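Treat the numbers as computed from the prediction; the structure is a model and nothing was measured. Nothing fancy with the numbering, it's 1 onward along the sequence.
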Amino acid sequence: MRNELYAVQVTTGRESRFAQHAEDAEPDGIRRIIFLQRRLNIRRGGKNVMELAPVFPGYVFLETGGSLRNGAFLAIKELPDFIRFLPSNSKCERLSSGDVDIVNSFLKFGTIAEPSDAYFDENDRIVITEGPLKGLEGLIQSVDRRKRRVRLVTDFMGCRTSVDLSYNVIEKKKDTER
């Protein structure tokens, strides 16, 4: 039996609360409730501060050991802040393999995406050396050096989606002379 992922739309800003209610309810057949977050550089009053924000605002993911059982379906629907299963409550479907790959790329680093380490090459292109952005360089649409953020754009859950993630600038290692 392989694991399947399902997406649940919840009230934006209440994702953490919903995830906690879902864990407390312990619906039969649900192995894990996944709420992906990112640590973002936020500039306030001329200072950079780090804050947690959802990777996909308004969405929580359910990992099951197979198909979503009817009892779990009904238990999740009754939770506060629940809006709907995707694509709809009458047609709840597991995430496509491409969508699962995107969720898993974040989960490799835990449920909180910390800033990735990066440097800029001689052509002024960003090079990711470590962190959640590693391997996703082809999805980077723009770089905001002042805010130390990159914008990833991908197809996710049937829509074109953009996600801002933070990076830390590191010095490029110079070749040592022999």
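- Met157 and Ile34 fall within a single hydrophobic cluster, where Ile, Leu, Val, Met, Phe, Trp and Tyr are joined by side-chain heavy atoms under 4.5 Å apart, directly or via other members.
- Between Lys91 and Glu93 there is a salt bridge, with a side-chain nitrogen of the basic residue lying less than 4.0 Å from a carboxylate oxygen of the acidic one.
- Looking at Arg44 and Glu51, their side chains come closer than 4.5 Å, going by heavy atoms from C-beta outward.
- Here Ile128 contributes atom CD1 and Ile170 contributes atom CD1; the two are 9.0 Å apart, rounded to the nearest 0.5 Å.
- The shortest distance between side-chain heavy atoms of Leu52 and Ile112 falls below 4.5 Å.
- Side-chain atoms of Thr64 come within 3.5 Å of backbone N or O of Gly66 as a donor-acceptor pair.
- Ring pair Phe85/Phe73 is parallel by interplanar angle, where below 30° counts as parallel and above 60° as perpendicular.
- A salt bridge is absent between Asp144 and Arg149; no separation between the charged side-chain nitrogens and carboxylate oxygens falls under 4.0 Å.
- Distance alone, capped at 3.5 Å, places no donor-acceptor pair between the Asp81 side chain and the Phe18 backbone.
- Counting heavy atoms from C-beta outward, Val55 and Phe35 have side chains that stay 4.5 Å or more apart.
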Worksheet item: Stepwise, does the side chain to side chain donor-acceptor pair (under 3.5 Å) test hold for Arg84 with Asn89?
Response: CA-CA 6 Å; Arg84 67 184 175 121; Asn89 285 339; over 6 Å; no
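- Summarising the geometry, atom OG belonging to Ser105 is positioned 8.0 Å from atom CG belonging to Asp101; distances are rounded to the nearest 0.5 Å.
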Worksheet item: Step by step, would you call Leu68 with Ile30 a side-chain contact (heavy atoms from CB on, under 4.5 Å)?
Response: CA-CA 8 Å; Leu68 186 64; Ile30 294 183; 4.2 Å; yes
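- Between Gly65 and Asn3, the shortest heavy-atom contact is CA-OD1, 3.9 Å.
- Ser166 OG to Met50 CE: the interatomic distance, rounded to the nearest 0.5 Å, is 5.0 Å.
- Taken together through direct or relayed side-chain contacts under 4.5 Å among Ile, Leu, Val, Met, Phe, Trp and Tyr, Phe120 and Leu133 form part of one hydrophobic cluster.
- Looking at Asp124 and Arg145, a side-chain N of the basic residue comes within less than 4.0 Å of a carboxylate O on the acidic one, giving a salt bridge.
- Judged by distance alone, the side chain of Glu15 and the main-chain N or O of Gly13 form a donor-acceptor pair under 3.5 Å.
- Contact annotation: the side chain of Asp155 approaches that of Arg160 to within less than 4.5 Å [non-hydrogen atoms, C-beta and beyond].
- Applying side-chain contact (heavy atoms from CB on, under 4.5 Å) to Tyr59 and the options Thr12, Val8, Leu86 leaves one that passes, Leu86.
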Worksheet item: What's the verdict on salt bridge (charged side-chain N to carboxylate O under 4.0 Å, His left out) for Asp164 and Arg151, showing C-alpha distance, side-chain angles and the deciding distance?
Response: CA-CA 4 Å; Asp164 287 353; Arg151 175 160 289 159; 2.8 Å; yes
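- Here Arg31 does not pair with Glu4 in a salt bridge; the nearest charged N to carboxylate O distance is not below 4.0 Å.
- The environment of CD in Glu130 is sparse: at most 12 heavy-atom neighbours from other residues, nucleotides or ligands sit within 6.0 Å.
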Practice prompt. Quick one: do Val153 and Leu139 satisfy side-chain contact (heavy atoms from CB on, under 4.5 Å)? Show the steps, please.
Written response: CA-CA 6 Å; Val153 176; Leu139 300 176; over 6 Å; no
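- Taken from CG in Asn168 to CG in Asn41, the straight-line distance is 7.0 Å, to the nearest 0.5 Å.
- When hydrophobic clusters are built by joining Ile, Leu, Val, Met, Phe, Trp and Tyr residues whose side-chain heavy atoms come closer than 4.5 Å, directly or via intermediates, Val103 is not grouped with Val10.
- The shortest side-chain heavy-atom distance between Pro115 and Tyr167 does not fall under the 4.5 Å cut-off.
- The nearest pair of heavy atoms linking Asp28 to Ala72 is O-CB, 3.3 Å.
- Atom OH of Tyr119 sits about 10.0 Å away from atom CZ of Arg125, to the nearest 0.5 Å.
- Both Leu36 and Val150 are assigned to one and the same hydrophobic cluster, defined by single-linkage of ILVMFWY side chains at heavy-atom distances under 4.5 Å.
- Judged by distance alone, with hydrogens and angles left aside, the side-chain atoms of Ser162 form no donor-acceptor pair with the main-chain N or O of Leu152 at under 3.5 Å.
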Item to complete: Test side-chain contact (heavy atoms from CB on, under 4.5 Å) on Arg17 and Leu79 and set out the steps.
Response: CA-CA 10 Å; Arg17 186 175 114 164; Leu79 293 175; over 6 Å; no
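- The hydrophobic clustering, which links ILVMFWY residues whose side-chain heavy atoms are closer than 4.5 Å, places Tyr6 and Ile102 apart.
- Between atom CD1 of residue Ile33 and atom CG of residue Asp24 there is a gap of 9.0 Å, rounded to the nearest 0.5 Å.
- Under a cutoff of 6.0 Å and an axis angle of 45°, Arg38 and Phe106 do not form a cation-pi pair.
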